[in-house]
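A quick write-up on the structure given underneath.
Below, chain A is the first sequence line, B the second, and so on; all start at residue 1.
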Number of protein chains: 2
Amino acid sequence: MKGMASADRHRQITDAVRQTGQLSVSELAELTGSSEMTIRRDLEILAEQGLLERYRGGARSLLLRGEEPPFALREHDELEIKRRIAAATADLIADGEAVVVDSGTTCLEVARALSHRRLTVMPLSLHAANALVGAPQLKLLLPGGEPRPGELALTGPLTEASLAALRFDTAIIGCCGLNAADGLTAYDLADAAIKRAAMASARRVIAVTDAAKFSRTALAFVAPASALHSVVTGSDAPDDQTEALSAAGVVVRRV
Amino acid sequence: MKGMASADRHRQITDAVRQTGQLSVSELAELTGSSEMTIRRDLEILAEQGLLERYRGGARSLLLRGEEPPFALREHDELEIKRRIAAATADLIADGEAVVVDSGTTCLEVARALSHRRLTVMPLSLHAANALVGAPQLKLLLPGGEPRPGELALTGPLTEASLAALRFDTAIIGCCGLNAADGLTAYDLADAAIKRAAMASARRVIAVTDAAKFSRTALAFVAPASALHSVVTGSDAPDDQTEALSAAGVVVRRV
DNA sequence: CATATCAAACAGATTTCGTGTTCGATAACT
DNA sequence: AGTTATCGAACACGAAATCTGTTTGATATG
């Protein structure tokens, strides 16, 4: 963990750039009360993380409408809720199971929650893989594939082939949108194909999602809600949505 | 990079434990001129890296005869030579090639040397994969498999399947032993199988190795020297060995 | 039960890291 | 081409984190 002050400033910068669309270095310096040099150094870091785009004199948001915010941003968002969801999800897994864990920030927390268990785990992102290496009791299995920049989600034919060769007890799937009408949806088409493959190779499918996903529908359709066995979500999930899911035969767990 | 003093002390401890076989905390404290508490904290760290085994009152070496030293130890060993070998190897690769890069510390440096090139690269260890993520021009391809603890070399049927599905221009292979008589050998049997698979899926095979490997022969036979197209090694490689390789039709490059 | 070893907690010292300033270099604009 | 603003590197100061040693109570060993 680095200095708090700089982390705050980074968030301030990304938020401001997001809202305004673009801001000059001097404006950001005034806004944060720090020097322009510090802003430049910050922008360099943030641009490297894919959070914004740098240009001479300032920075602009590279967030288009309907696009997914970058991984580095979502990672620290709603962390407590994600941790609670992850812990509750881990409770649904029995020792000795073989589990495939999807990409995304919520699933990364699930992977962390599983790291001390006696399990066979195949993570679908390099972030989760790195979080699991060195776990003593855990048998780690990596799929092949192409890691997408930032997200480090593994996709492509190699990933699909790896999944097709295996049968898991449980698949833990993240999503970008989930509701009874549109089903489970994802922003990235390649990701969607992998999610489908993971679900197909598991006996039981658990979706993990924070409440915000219920009011969203992303581009790529993955599966209808009825394909899920359980959904683990936050306590602030809207009642009508969870009831609609229950009606579709899904076990909903709120934490 | 952390404080120099502690790094020196860590090396001092591992070396002493290696030589003596086992040493008490008090002996190590006297040897290094630091307090016992510091030694205990060091031993905890070193044991976590797999460099030695902890027991009440001291620590012992877990290095058996003929076994490979742990990754964390080899990583900083002869780094300059490895970098030179890696740079020379990178010079043999043309832009646009598809390259598979083996596991091991020397190949990790090769991966780093390739990270700014316009290439398709499949690393066979998670260490190299992590070194390559985020490289802008590089197309990164990951094989599936089980990462071996410490080494993080990917092995097993998934890795073999990933390799079997692809055809590379060049395979860059590390080794534990290499000479004209015994061919290319490895300590780990699973690794050996992967090296063979990587070689089989590439048109051209380049072996990278420091001079010490020429006088060693490891347990698992991978391939005869004649299966290699080139060998890149240090300038201190023994003449008789390099001549024998040349006689077998291998292009030897000393740097 | 006695003794040695250990781990946690605290405090001081050391180092690293973040920040601001200055200055020469570089890029954009007229 | 000239002018102006922006940038990046270098240096210095201050703050924060890290490392180390001591103490003390807990734990394991014989």
I'd like to know if the side chain of [X] and the backbone of [Y] have a donor-acceptor N/O pair within less than 3.5 Å.
{"X": "A:Asp169", "Y": "A:Ala98", "result": "yes"}
{"X": "B:Arg112", "Y": "B:Ala131", "result": "no"}
{"X": "B:Asp236", "Y": "B:Ala211", "result": "no"}
{"X": "A:Arg74", "Y": "A:Pro69", "result": "yes"}

In whole angstroms, how far is the [atom2] atom of [N] from the [atom1] atom of [X]?
{"X": "B:Ile45", "N": "C:dA7", "atom1": "CD1", "atom2": "P", "value": "13 Å"}
{"X": "A:Glu44", "N": "C:dC17", "atom1": "CD", "atom2": "P", "value": "16 Å"}
{"X": "B:Asp8", "N": "C:dT14", "atom1": "CG", "atom2": "C1'", "value": "16 Å"}

Among residues 19-43 of chain B, which residues get a heavy atom nearer than 4.0 Å to DNA chain C?
B:Val25, B:Met37, B:Arg40
Can A:Arg40 and A:Glu36 be counted as an ion pair, charged N to O under 4.0 angstrom?
yes
Under 4.0 Å: is that the gap between some side-chain N or O of B:Arg9 and OP1 or OP2 of D:dC19?
no
Does a distance-only test, which skips hydrogens and angles, find a donor-acceptor pair under 3.5 Å between the side chain of B:Arg56 and the base of C:dT5?
yes
Which value, rounded to the nearest 0.5 Å, describes the distance between A:Leu126 atom CG and A:Leu142 atom CG?
6.5 Å
